[in-house]
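Only a predicted model underlies this, so the values are computations on that prediction, with no experimental measurement involved.
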Amino acid sequence: MTDSKYFTTTKKGEIFELKAELNSDKKEKKKEAVKKVIASMTVGKDVSALFPDVVNCMQTDNLELKKLVYLYLMNYAKSQPDMAIMAVNTFVKDCEDPNPLIRALAVRTMGCIRVDKITEYLCEPLRKCLKDEDPYVRKTAAVCVAKLHDINAQLVEDQGFLDTLKDLISDSNPMVVANAVAALSEIAESHPSSNLLDLNPQSINKLLTALNECTEWGQIFILDCLANYTPKDDREAQSICERVTPRLSHANSAVVLSAVKVLMKFMEMLSKDLDYYGTLLKKLAPPLVTLLSAEPELQYVALRNINLIVQKRPEILKHEMKVFFVKYNDPIYVKLEKLDIMIRLASQANIAQVLAELKEYATEVDVDFVRKAVRAIGRCAIKVEQSAERCVSTLLDLIQTKVNYVVQEAIVVIKDIFRKYPNKYESVIATLCENLDSLDEPEARAAMIWIVGEYAERIDNADELLESFLEGFHDESTQVQLQLLTAIVKLFLKKPTETQELVQQVLSLATQDSDNPDLRDRGYIYWRLLSTDPVAAKEVVLAEKPLISEETDLIEPTLLDELICYIGTLASVYHKPPSAFVEGGRGVVHKSLPPRTASSESTESPETAPAGAPPGEQLDVIPTQGDLLGDLLNLDLGPPVSGPPLATSSVQMGAVDLLGSGLDSLIGASNFVSPPAAAVPANLGAPMGSGLSDLFDLTSGVGTLSGSYVAPKAVWLPAMKAKGLEISGTFTRQVGSISMDLQLTNKALQVMTDFAIQFNRNSFGLAPAAPLQVHAPLSPNQTVEISLPLNTVGSVMKMEPLNNLQVAVKNNIDVFYFSTLYPLHILFVEDGKMDRQMFLATWKDIPNENEAQFQIRDCPLNAAVPEVPSTGGVPARVPGL
């Protein structure tokens, strides 16, 4: 008879009967009673009153009964801590039992009893079990250390269990090694600063030896531990990859993904020129394809991980497009994920195949899937230029089906195609305009309005089309309202005489009748632009737009590198770092891919032109062997020194009325209505002093600060080359002081801290006069402006060109390098005066061979000194430097 009979009793007064049976002399009756107690406990009945009677049953040689008693003990020890101490002697005794199963059972139960009062009594039995002759007992004890550390970390450290655990990594039994690694990893995750897993080539070799003989879960623990190791060079990375590669053929998908994670990390250190690199790419594809033959839930997890892998290394699966084609019986979540990967793998070689599939998908019955398929066709056109014409043709065929949601999605993606390929496919606009009445979704309506406004000069009735949208202006979504406002202003600038009334109507609706601050602000900006400077309005509104990028939904590079380190975990499914969904900071460690070695880096050193460099002149951003920039590696880049913030001068702007009759020059009329006076606050600012003219005075020109010329900030270090950190800047000289004005922007998805800066030796000894002070952590999408004071007392070395400056900036993520050219005038004193004797002495010091003579012709002299007659030419001598 099965044990189900223990769960069917409904007797009352059962506790007393069980108590009697537990104290029975008959072993069989006692065992039956314990089974009834466990059954009652399982279904939620409170049987804690039987605690002392059940504990008495621990004194038995019957393994089954002992297991049941231990199970009861684990459940009720927390609610009965005083009674649980009664079991300590039995634990100690069981840890010395000749049967290794009983010894292991005792130590496992000890780890599960989370009662502070008895933990100290369990240290001695645990120490013996960690050095037990039987590997089953040792591997159980290893896990018990991690559990005990969670209860009382200080006790575990004081008792020396962590050192014993480290010694178990060298154990002869692979399962003991695996459990020791699992326990140390668990402890290290909860205490990231402890550096428990101090891996070295010797310990890595032991782990790789144990890897082949472990159970599947033991292999996962070891592989995850290997993924946290950074090899010392590319040779060691290749050696580890060779020994991990056989795990790719394992039947357990978790082992496969853990092996893929290790290989993806260590591939960063391998040169792409190596034959082994190509071999490894080929070996990674089959296991990933095999994962897609599992059940849908596993497929989805595999697809989410493959999505990351394809973004990092698309070459792995570039020949495996067919496995991502959607099957009719795939769940929708699998279909959408496959669709996304198909687009990422699309190339000129397979685009015909992909488009044929997508066109089929666009006729499916699932609306969400059809929408995604239509959008995918547009993404293909943007990604593969050679396929754009075929994609547009396919989209037009889909528009002809007149299926409402298909038409709307097609119009949205055609707008993006127009942005990517201007003046190429505008012949389809007429077809799009035919479907204007069927658009009811905000995104589709906004896309159509954008197309009409952008190509108004090619559409004869553009004003009528936009006017039809204007009739229900207040019922439209904000997205449509903003687009409509911009489109009508574009139309007005292109056809001013025909649309003056329309533009006044939309500006009035946007500024006076709308409660939306974004819409109001945009309306006022357009109104002021049109009122004051129509030429400027044209330059702003009709400016040439940047081409949209091929992949707009790629994961940001720094986050992608971190997610690659979490392949096979929840982070790889969510596509978010653990810190985004794990509550609290405990157990969350930021990971990143290992840096490339010199041999693998030399072929891929990114280059950038410094600000102000002449066209075609490129300077290295990442130093190569022997480059002067390499000197920066020896400089001390400490954390920023706390100190008072640098004083920055603030400029107040005066208020002026920007409204006037500037439109006369555009439309030849003066009846354009100015926006209401409320548009400009009366107290915008106070009059400015210190030689500053009104920045908004459009007639008297832009005011400038007294002092030397300040160039506008230029991007010195793009975010793509600095793991999300973008640095823009310029140089200034004010009142005898040189400054580097920096703008730091965090375009990554993690906080940046610990900024520091250092200059390489340069021609004029430029060096920071103070530490780079960023007083608060730089959050994602945040920008901070800093003025760094400079002096000229640094080390001097002639650079080529002379004003080349090489800079290193450090933060909590990495050290980044860039070069820029500083304007020489920042080194000149403002008044330009030089002592007469010093001038003569300097002139004489210049060798004669450096002197050049030439004549300046047609040079009218100052009228204030008429005694010097103008001869039409002034001889001059200029010394060469």
Expected output: side-chain Arg138 to main-chain Cys129 donor-acceptor under 3.5 Å: no

Before you tell me yes or no, could you show the steps for Lys312 and Glu268 under side chain to side chain contact (heavy atoms under 4.5 Å, CB included), namely the whole-Å CA-CA distance, both residues' side-chain angles and the distance that decides it to 0.1 Å? CA-CA 10 Å; Lys312 185 68 182 172; Glu268 283 291 303; 3.1 Å; yes

Do we see a donor-acceptor contact under 3.5 Å between the side chains of Asn205 and Arg243? yes

Lys/Arg-Asp/Glu bridge criterion (N-O < 4.0 Å) met for Glu315, Lys282: no

Basic-acidic side-chain contact under 4.0 Å: Lys128, Glu96: yes

Under the salt bridge (Lys or Arg N to Asp or Glu O under 4.0 Å) criterion, do Glu242 and Lys283 qualify, and how do the steps go? CA-CA 11 Å; Glu242 286 170 352; Lys283 286 183 178 177; over 6 Å; no

Apply side chain to side chain contact (heavy atoms under 4.5 Å, CB included) to Cys565 and Lys261, showing your working. CA-CA 6 Å; Cys565 301; Lys261 171 169 62 181; 5.6 Å; no

Please indicate whether Asn329 has more than 12 foreign heavy atoms, meaning atoms of other residues, nucleotides or ligands, lying under 6.0 Å from its CG. yes

Quick one: salt bridge (Lys or Arg N to Asp or Glu O under 4.0 Å) partners of Arg127, sequence neighbours excluded? Glu124

Looking only at heavy atoms, which two atoms of Ser170 and Lys206 are closest? And how far apart? OG-NZ, 2.9 Å

Rounding to 0.5 Å, atoms CG (Leu270) and CG (Leu280) come to a distance of 7.0 Å

Tell me, do Lys272 and Met267 make a side-chain contact under 4.5 Å, heavy atoms counted? no

So does Phe581 have more than 12 non-hydrogen atoms from other groups sitting under 6.0 Å from CZ? yes

Would you say the side chain of Ile222 lies within less than 4.5 Å of the side chain of Leu208, judging by non-hydrogen atoms? no

Short question: side chain of Lys810, backbone of Val815 - any donor-acceptor pair under 3.5 Å? no

Give the minimum heavy-atom separation between Ile555 and Gln311, together with the two atoms involved. N-OE1, 2.9 Å

Atom pair CG/CG of Leu207 and Leu199 - distance to nearest 0.5 Å: 6.5 Å

For Val260 against Leu284, the heavy-atom pair lying closest together: CG2-CD2, 4.0 Å

Which is it for Thr164 and Asp167 under the side-chain hydrogen bond (donor to acceptor under 3.5 Å, both in side chains) test, yes or no, and what are the steps along the way? CA-CA 5 Å; Thr164 312; Asp167 293 339; 5.4 Å; no

What closest approach, in Å, do Phe324 and Lys338 show between heavy atoms, and which atom pair accounts for it? O-CB, 3.3 Å

Not counting sequence neighbours, which residues clear side chain to side chain contact (heavy atoms under 4.5 Å, CB included) with Pro231? List them please. Tyr229, Glu236, Ala237, Ile240, Phe266, Met269

CA sep, side-chain torsions, deciding dist, call: Lys139, Asn173, side chain to side chain contact (heavy atoms under 4.5 Å, CB included): CA-CA 9 Å; Lys139 83 177 186 72; Asn173 186 284; 5.8 Å; no

Which of these, Thr558, Asn811, Asp561, Asp814, sits in a side-chain hydrogen bond (donor to acceptor under 3.5 Å, both in side chains) with Lys723? Asp814

Just by distance, do the side chain of Asn305 and the backbone of Gly568 share a donor-acceptor pair under 3.5 Å? yes

Could you measure the distance from the CG atom of Leu563 to the CD1 atom of Ile309? Nearest 0.5 Å is fine. 11.5 Å

Taking the side chain as C-beta and beyond, is there a heavy-atom pair between Phe161 and Cys123 under 4.5 Å? yes

Going through the distances and angles, do Val177 and Leu168 end up as a side chain to side chain contact (heavy atoms under 4.5 Å, CB included)? CA-CA 6 Å; Val177 174; Leu168 289 181; over 6 Å; no

Validation row: Trp217, Ile220 side chains within 4.5 angstrom (heavy atoms): yes

Return the CD1 to CE distance between Ile813 and Met752, rounded to the nearest 0.5 Å. 4.0 Å

Evaluate the criterion side-chain hydrogen bond (donor to acceptor under 3.5 Å, both in side chains) for residue pair Asn307 and Arg344; output intermediate values, then yes/no. CA-CA 8 Å; Asn307 200 324; Arg344 298 201 191 287; 2.7 Å; yes

Taking every non-hydrogen atom, the tightest pair across His575 and Arg304: NE2-O, 3.0 Å

How about Leu248 and Val255: do any of their side-chain heavy atoms sit closer than 4.5 Å? no

Contact check, side chains of Gln154 and Asp158, non-hydrogen atoms, under 4.5 Å: yes

With rounding to the nearest 0.5 angstrom, report the CD1 to CG distance, Ile187 to Leu165. 5.5 Å

Test item: Cys112 and Lys147 side chains (from C-beta on) under 4.5 Å apart, heavy atoms: yes

Taking all heavy atoms of Pro296 and all of Val334, pick out the closest pair and write down the distance. O-CG2, 3.8 Å

Gap separating the CD1 atom of Ile306 from the CG atom of Leu291, nearest 0.5 angstrom: 6.5 Å

Between Val34 and Tyr72, is any pair of side-chain heavy atoms under 4.5 Å apart? no

Lys/Arg N to Asp/Glu carboxylate O, Arg247 vs Glu216, below 4.0 Å: no

Looking at Glu556, I'd like to know if its CD atom is crowded, meaning that more than 12 non-hydrogen atoms belonging to other residues, nucleotides or ligands lie closer than 6.0 Å. yes

Would one find more than 12 heavy atoms of other residues, nucleotides or ligands at under 6.0 Å from atom NZ of Lys576? no

